[in-house]
Each structure stands twice: as C-alpha cells, then as structure tokens.
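Here is how names work: the chains are called A, B, and so on, in the same order as the sequence lines, proteins then strands, and each is numbered from 1.
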Amino acid sequence: MSTLAAAIDAPTIEYAELSPMLLVFGAAMIGVLVEAFTPRYLRKSIQMPLTVLSMLGAFALTVWQGIQGVRHAAAMGAVAVDGPSLFIWGAILLLAIVSVLLINDDDHFVAQAAAVPGSAEEDRAISEGGAHTEIYPLVLFAVGGMMLFPAANDLLIMFVALEVMSLPLYLLCGLARRRRLLSQEAAMKYFLLGAFSSAFFLYGTALLYGYAGSVDLSAIEKSLSTVGGQDSLLFMGAAMLGVGLLFKIGAAPFQAWKPDVYQGSPTPITALMASGTLIAAFGALLRVFWVALGNLDAEWTPVLWAVAILTMVVGAILAITQTDIKRMLAYSSIAHTGFLLTAVVATGKEAQNANALSGILFYLVAYGFATVGAFAVVTMVRDPGGEAGHLSRWAGLGKRSPILAGIFALFLLAFAGIPLTSGFFGKYAVFAAAVSGGAVQLVIVGVVTSAMAAFFYVRVIVLMFFSDPAPEGPTIAVPSIGTAAVVTLAAAATVVLGVFPQPVLDLAHTAAQSLFVR
Amino acid sequence: MPWLSILMGVPVVGALAVAAVPKGNDKLAKQLTLAVSLVVLALTLAMATQFDPSGARDQFSEVYSWIPSFGVHYAVAVDGIALVLIALAVVLVPIVVLASWHDADRPEAKRSVKTYFALILVLEAMMIGVFAATDIFLFYVFFEAMLIPMYFMIGSYGGAQRSYAAVKFLLYSLFGGLLMLVAVIALYVVADKGTFLQPELIGVIKDPATQKWLFLGFFIAFAVKAPLWPFHTWLPDAAAQAPAGAAVLLVGVLDKVGTYGMLRFCLELFPDAAKFFTPLVIALSVIGIVYGAIVAIGQTDMKRLIAYTSISHFGFITMGVFAMTADAGSGATLYMVNHGFSTGALFLLAGFLINRRGSQYIADYGGVQKVAPVLAGTFLVAGLSSLSLPGLSTFVSEFLVLIGTYERYIVPSIIALSGMVLAAVYILWMYQRMMTGPTAEKVKAFPDLNLREKVVVVPLLALLIGFGFFPKPLLDVINPAVQQTLTSVHVQPFTPAIPVTAEKKGAGQ
C-alpha cells in the first residue's frame, strides 16, 4: 500500500484561481446546512444575504483574477481559467445576483412543492405561509455549475458541470406558485429532454475518448492530426457532443423545450436560465468546437451554418404566432441564439477568432441584462391568478403605467436591435465578425430574420401603447425594492451599453485576445 | 464653436425639459417646445451666415472617437447640401409645432400632450444629426433611431388606422435599414481602413462586383425611405394616418434622408456601380413620376393624394440625382428643400381643413372658398407650388432637374414632363372639388384661418414665392457641393452637341 501511495503524486490544485467557484459551491453547501439546522423563521434571513454576499465575493475574486491576468489551465489542466472564462464568470455572477433579487420576492414560489395542486394540503401550506428557502442553495449550485461548464477543459468535467448546473434548474422550474400543473409539466419536460441531451453528450464523450484516448480538450485537438482511420468515431462523437450542447443553448432543431420551460417556470428562474444558462452553454459550445474540434472546422462549419439558419428562422417565425408573453420571449431567445451562432461559425485566423469571440461575449452580456429586465417587468404585470401572461392582457399598458411600459418597450427595442440600445451593438458585433469571417449569406439571413423578429417586438409595443386598455386589465404590482432595482439596473445597462459601449467592448476584447487556453 | 453639436444638444435638452413639465400643464409644454425650436432656428441661421460656400467642403467639422473598437467616430460636418437640408428641418419644426398646437389634445388620442411635443424635439435633433453625420456608422445610427419617435407619433396620435400604418412604416424602413447594415459592415470589412469616416472611404472600393452589391444594400434602404416606386406602399398609409404635423416632418424631411443618402453615399462611395445602375434607377424614377401622379388623381382622401404627389415628386428628385449632371444635381437638391416647404404647406392646410370638418375625404367638402377665402387661397397657392407653377420655387427646381436630365437622358426626361401635366390635373381637380361649387352643408360654418394658422402658413408661402423669384442664395450654397460630389463620381461634364458659338450665330441672324 505504501509503495502505491508514494507512486501517486498528489494533484496540484490552484485554489486561488478556482476561488470564485469554490466560494459559490461552499456557500451552497453552507446553505444546505442552514436548511438542516436553523429554525424555519430564520432561514430566509440567513439564506438571502448568504447567497448574494457569496456571489458578490465570487465576483470580486473574479475581478481580482482578471487584474492578475491569469491565463492558466488549473487543476491539472481540468479547468481553464482564461480570459473568456473570467469574463463569462463575471457576467454570470452579475446576472445571477440580479436574478436572485427577483427570486427574493416570495410571491413567485410554491408554498409546498410536494403538495398536490389544488389539494387541501396545498391550501394549508399557503395559509401557514410556507416557503421553500431551499431555492437559494439550489440557485447557488446551479450558478456554480454555470461557472464550471464554460471553464471545463476536459469533457468529463464538462459533463459533471452540465449536471450540476441542470439538476437544480429542473427542480427550480417546478416551483411556480401559480399554474402549478404547467410548472410541473415544464419541470418534467425539461428533465426528460435534458436527460436525453446529457446522454447524448456523454455518449459523444465516450466516442471521442475512443478516438483520441483522452477526454482532455487539447489532447483531442492534438489527436486530430495524429490519429488516422478512426474518422467515424470522431464524427459521431463530435455530432453527439454537438447535440448535447446545442440542446442547452436551445438551437433548432433542439429548441422545443424552451417555450414550455420558460413559460412554466417561475419567472425569476426563467430570467436566470435565459441569461445565465445561455451564457454558460455558449461558453462550453465555443470551447468544445473551437478548442477540441478547432482543426475540424471545415467539417462542422456547414452543419452549424444550417443550424444557425434554422434557429434564426424557426425562432423568428414561431414567435410571431405566440400569444403568451413568456413564450414569445422564449422564441425570441431562440432567434437570438441563432444570431449568436453566426459568429460561432466565423472562424479563421487568430485575430478573426478573437474578434468573433469578443463580439459573442459582448452580445451575451447585452442580451442577458435586457432579458433579465424584461422578465422582471413580466413579474410585475399581474392578474388575479398570477402574472398576466396572455398578450391581450397587456393592451393599453402604456396608458395605465407609462413608465413600466416604456421600460419594457426599451427592452423590446434592444431585442430588435434598434440603434442607441445595447442590442444594436451586440448584433453589430456578431454580424461584423461573421462578415469578416466570410459568412455574408448567413448575415443576410440574420438581418431578414431580424426584420421578422422586429415585427413581434413591435406588435407588443403596439398593444401597450396604441391599443385601448382592456376593461379589467391587469394590475401593476407595486415592485419590491429588489424588483425595482433589477428593472432600473437592466434599463440603465441597456441604455449605457447602447450609447457608450466602449468599456465593455474593451473588456470583452481583452478577454478574447488570448482566446481559449489550451 | 461646436455648432452642430449645439444644434443637436439644444433640442435634446429641450425634449427632456418638455417631458419633465408637470402633468396638466400642457400649455407650458407647448410654449417651451416652440421656444426651443425657435432657438434652434436662430442658431442654425447664425451658423449659416458663417458658412463659406467657396470654402472647404466639410465645414463646422467635429470629429471625436466614439467606439474605437469598431472604428466609429462621432463625426459631424456640413457641406452645402447638408446645410440646406438642416435648414429645411429647423424651419419646418417650429411651424409644425405651431400648427399642431391642438392636434394632440383630441380626446380620442388619450395620450399625454407633452410627449408628442417632446418627440418632435427628439426627432429634430436626429434630423439634424442624420444630415450632419460624416461617419457612416453614425449616419446609420440616426437613420434607424429616428424611426422610433416617428413611429410613436404616428401610432399614438394618428388616425383610425394608425397602428397598422405605424407598424407598416417601421417594418418597411427597418427592413431596408437592416439590408443597409449588412452593406455598412461589408464596406468596413472590405475597405479594411478601420474607420467609418465617409471622406476616407471615397474611392476605396475598387472591385466592380463588390461595389454593385454594396450599392444595392445602401440603395434599397434609401429607395424605401425616399420612397421610390415600387418601395412606396408604406408612404400613403403612414402619411394619411399620421397627424398633419408628423406627416409634414415625415414626407418633408425624413424621406429626404433617402434621396440625400443616394447623393451622398451611393454616388460618392460606389461611383461605378451607380453608373451601372443608372438606367434602372432612372426607369424606376420615371415610373414613379407617372404612376404617383396618376394614382394621385384617383385618390378620394386628400392626405393620401398629397402622399402620392410626393411619390411623383420624389421620382423627379431621384432622377435628378442619378442624371449626374451639375444642373440636375443642383435641381434635385433644391427640389428636396422646396418640396419640403410645398408639401409642408399642403399637409398643414389639409390638416386645418380636417380639423374643421373632421374628415379627410375630398367628397365631404365643397365651396370652401366662399366661407373661408384665405384658407382656400393659401391652399391654392400651396397646390400651385405642388404643380410647379413658374414663379414658385418648385418650378425652378423641377425645371433644373428636367434640363439636367435632358442633357443625358432625352427620352426619360420627356416622359417625366407628363408628370407636370398630370400634376395640374390632380391639384386643380382637388381644388375644384373642395373649394369651388356650392358650399356643402357641413362646410358652411367654417371659420377662416385664425391668427395662429396664418402665422403657420405665411412663412411657408413667403419662402415658396421668395425662392421662386430669387433662388440664388440657395443655389450659391448648393452648387459647389454638388460640383464636388460629381467630381468624386468622375463624370464628364456635359458638352452640348451643338457648339455654343454656332447657336449664337444662329440667334443673331
């Protein structure tokens, strides 16, 4: 035994470089302990500050790492702490903090998830004022997974991160206070489809391991030029990894879960998924396709071209037919995924790659803030039975509550990519990268679908401002401080990034400069 | 002195101030708007006096780096063409404000009055910006962003079909604009100069095929905006549904961005492609001239009629731009200005009529000249300016366009002449149906123009008549700029087929 122990060197772990993630995961575990050992009435007042402070701390640590200029594959090459990772961590943490401010509003979550909807048990739980404070540690685990997913430098770590990110989200989706059945259906659907996609991902990992003899991304890249005669393993593996990742970003034809899940989930969780998960999944997608399969781009670019076109078209066209605001935003998110994919395929020389990457990073931040803001507004427009989801209920909102409707219109204009909003520069950045990467046709499809997408954004503005209010229209909830802060912050980000985007562009540019560490 | 930034800053600050006026104090909001727009007008006039027509091309130039990673500058400057168009915009705004004094008050609009006036001021800043921008990216930003205030002005304050018209307007323009965005990006990438400054991009794109594609990207956006046949269908809806004041700004100024863009960007950046597409554009213009005029004759709604006359007039302007002769270019630029005044006067007077009668249908009027002679008379003068009666400024510009086009394209200019004849039909027939004959029952109680309305109309008519007899101040500013534009397009100056000396001899015999 002793000889064996001497033969195995203890792995070196760079704790400082991993500290943002460690802090989030640590706080999540403390949160679980808090659930176990503190009285019910104290839990929320412990969990909430714990969650926010740990994420703020993690953000500070990320900034510290960024200032130090860390570019390193930490933990024996398993976790890449490089420019893009740090940028993505910062973005996810900020958006998660903002989302937690929304989650803090108890009204969105079920009193007792285990109770059958409509049963006496449920009524009792509501009257007792029950609440699931487990939400906070679950969110922390999900955020930790989101941070690990785009930073994972080896496929197994990436798979673990995928599950750590997804499992809490499956649970959180089913916790909506109102329309319980819809919420449970969403959770079930997300779980089933997500499990399938994870299986695809894992199978792809196995096949690539069979091809390359390693799950390490850079080892796979090296093997592309050395291993011969195993192409079927390679292509099948790459395709299956692609399926798993494209499912997570919600690209067509793997987009079917998005509208159902976005609609059924509690809106603050939708906000977290629509911003954080999208960023994390894009980070992972880029790492797999650009690092591990970077020299295979002649093979996968045509496929991603088709996926990008399909995603933009499906998102934009199906969004037009939607009558529910959250479903519409879900399809809009699909269309935006397609816009982002136009830059993913625009690979080329190093400068071109850095350019495309920084465009994607900027887009993700701009889109993330506008999305969280839009969902925050959705939480405030309420019917007696919960949020007023149906679009017809939004008629005349501009007359009843001009400021709220104006802010929502701002987010919609940002989604539509109108100049002087953040969405315009995001769209410009990815389209410019795509054009210089030689994907002009893709960009033309992009602008045509943008024009189609503009139609349904504008339709909501028409409803809010140009239609007469519904006789018994929804009430506007007086926002809690958290919600008001979220809306204000998101609106400010949308305007500032639309008028003076240079600092964030610089940041994205610096982060993208070194590309992914190998 | 950063004239142009001040010109844009004043209305923006004014718009914020107007938006901050407490609720229920609509009168103050209106007065404030009027005051701000008059200040802008005064500033513009002060700037114009310092403009040196024979000096450098771009004057009052300001260049600051805005987004270095994209090579985008906040770069503004004016040449003669931009100057007169900015002047057109800032002259029209106070007139529109005064004319729209009660437009937003209508109970069915149910919208805050101050918002309407704040939107006018925001739009004014953007109109100045779009003509002043010398950075293509900045131009694009204004080009797209100015849709939003206009969209809300039509959608919130317009007629019965307003939301349909507003959405149609926005989507058409957005679609054209997005195609232009592709061309803007491609121009930046292909040019590989790391800048969007228009003067630095002139003559950089050499490859003919690239030029053609980029030209099309820009041109379609401008053709939708102008609007050129067959991209025109949004205009009659938007102009008919918009409140009269917004219609004036839409047709009078916003649409000029299209023709201005053709002159400034399509011609200068892609001269070879422009020459390649000239036959097509001239054909579309001529079709637009005749088609717009014929359809105008058939209209029953006077705002739609005026909109269709504008389509015909825009045909003249694009024809003049693409004829690429000095006369036609100057004529087209002059026409952009004069058409703004002429259509402005027509729309505003139509608005006064509609306010009195509550209907935009020509058939609901009759014999107005007996009960409201001043109203009818000014309407006649405005109408005559639309049919380019000699002595009114539109005649000068239309004549220059036709002469300039004839120098190069004889047949199109002859067909275009029919547009002038048809103009007489649509204007005079409309006048006959509305103003002469037995006075309609509902028209009998019409009050004549009140003082406010007279103050609105008189300056416009004065400008039409004044520049009709003495267009020199405008032409002095326009001519050098047009000349410089044509120089960067590299067209041969026109030489008459018959030597000038021979003509002299003949005339002397």
*With only heavy atoms counted, which part of A/Ala429 is less than 4.5 Å from chain B, the side chain, the backbone, both or neither?*
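Backbone plus side chain of A/Ala429, per the 4.5 Å heavy-atom cut-off to chain B.
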*Measuring from B/Ser112:OG to A/Lys399:NZ, what's the distance to the nearest 0.5 Å?*
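So the gap between those two atoms works out to 11.0 Å.
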*Any idea how A/Phe425 and B/Phe137 line up, ring-wise: parallel (<30°), tilted (30 to 60°), or perpendicular (>60°)?*
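A/Phe425 vs B/Phe137 ring planes: parallel.
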*Would you call the rings of A/Phe466 and B/Phe152 parallel, tilted or perpendicular if under 30° counts as parallel and over 60° as perpendicular?*
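Ring orientation of A/Phe466 relative to B/Phe152: perpendicular.
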On a heavy-atom basis, which atom in [X] and which in [Y] lie closest, and how many Å separate them?
{"X": "B/Ile67", "Y": "A/Pro501", "answer": "CD1-CG, 3.6 Å"}
{"X": "B/Ser163", "Y": "A/Val462", "answer": "CB-CG1, 3.6 Å"}
{"X": "A/Ala432", "Y": "B/Ile185", "answer": "CA-CG2, 3.3 Å"}
{"X": "B/Leu179", "Y": "A/Val447", "answer": "CD2-CG2, 4.3 Å"}

*For B/Leu16, look at atom CG and say whether over 12 heavy atoms of other residues, nucleotides or ligands are found less than 6.0 Å away.*
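Atom CG in B/Leu16 is packed in, count exceeds 12.
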*Among B/Phe175, B/Tyr151, B/Tyr188, B/Phe143, which has the most heavy-atom pairs under 4.5 Å with chain A?*
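Most heavy-atom pairs under 4.5 Å with chain A: B/Tyr151.
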*Which residue out of B/Val190, B/Asp192, B/Leu147, B/Val189 racks up the most heavy-atom pairs below 4.5 Å with chain A?*
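Highest number of pairs under 4.5 Å: B/Val189.
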*asked:* Looking at A/Val499, is its backbone amide N or carbonyl O close enough to the side chain of B/Trp66 to form a donor-acceptor pair, meaning the two atoms are under 3.5 Å apart?
replied: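 Answer holds: yes.
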*Given a strict heavy-atom distance threshold of 4.5 Å, which part of B/Leu171 is in contact with chain A: side chain, backbone, both, or neither?*
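Only the side chain of B/Leu171 comes within 4.5 Å of chain A.
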*Assert yes or no for the condition that the ring centre distance of B/Tyr140 to A/Phe424 is strictly below 6.0 Å.*
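Between A/Phe424 and B/Tyr140, which both carry aromatic rings, the centre distance is below 6.0 Å.
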Would you call [X] and [Y] a side-chain contact if the rule is heavy atoms closer than 4.5 Å?
{"X": "A/Tyr428", "Y": "B/Leu181", "answer": "yes"}
{"X": "A/Leu420", "Y": "B/Ile148", "answer": "no"}
{"X": "A/Val440", "Y": "B/Trp213", "answer": "no"}
{"X": "A/His509", "Y": "B/Ser69", "answer": "no"}

*Evaluate the side-chain contact (heavy atoms from CB on, under 4.5 Å) criterion for residues A/Ile418 and B/Leu174: first the C-alpha distance (whole Å), next the side-chain angles of each, then the deciding distance (0.1 Å), finally the verdict.*
CA-CA 9 Å; A/Ile418 302 289; B/Leu174 215 55; 3.6 Å; yes
_Chi angles and distances behind the side-chain contact (heavy atoms from CB on, under 4.5 Å) call for B/Leu170, A/Phe455_ = CA-CA 9 Å; B/Leu170 188 70; A/Phe455 173 74; over 6 Å; no
*Most chain B-contacting option - heavy-atom pairs closer than 4.5 Å, from A/Asp506, A/Ile461, A/Ile444*: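 The answer is A/Ile461.
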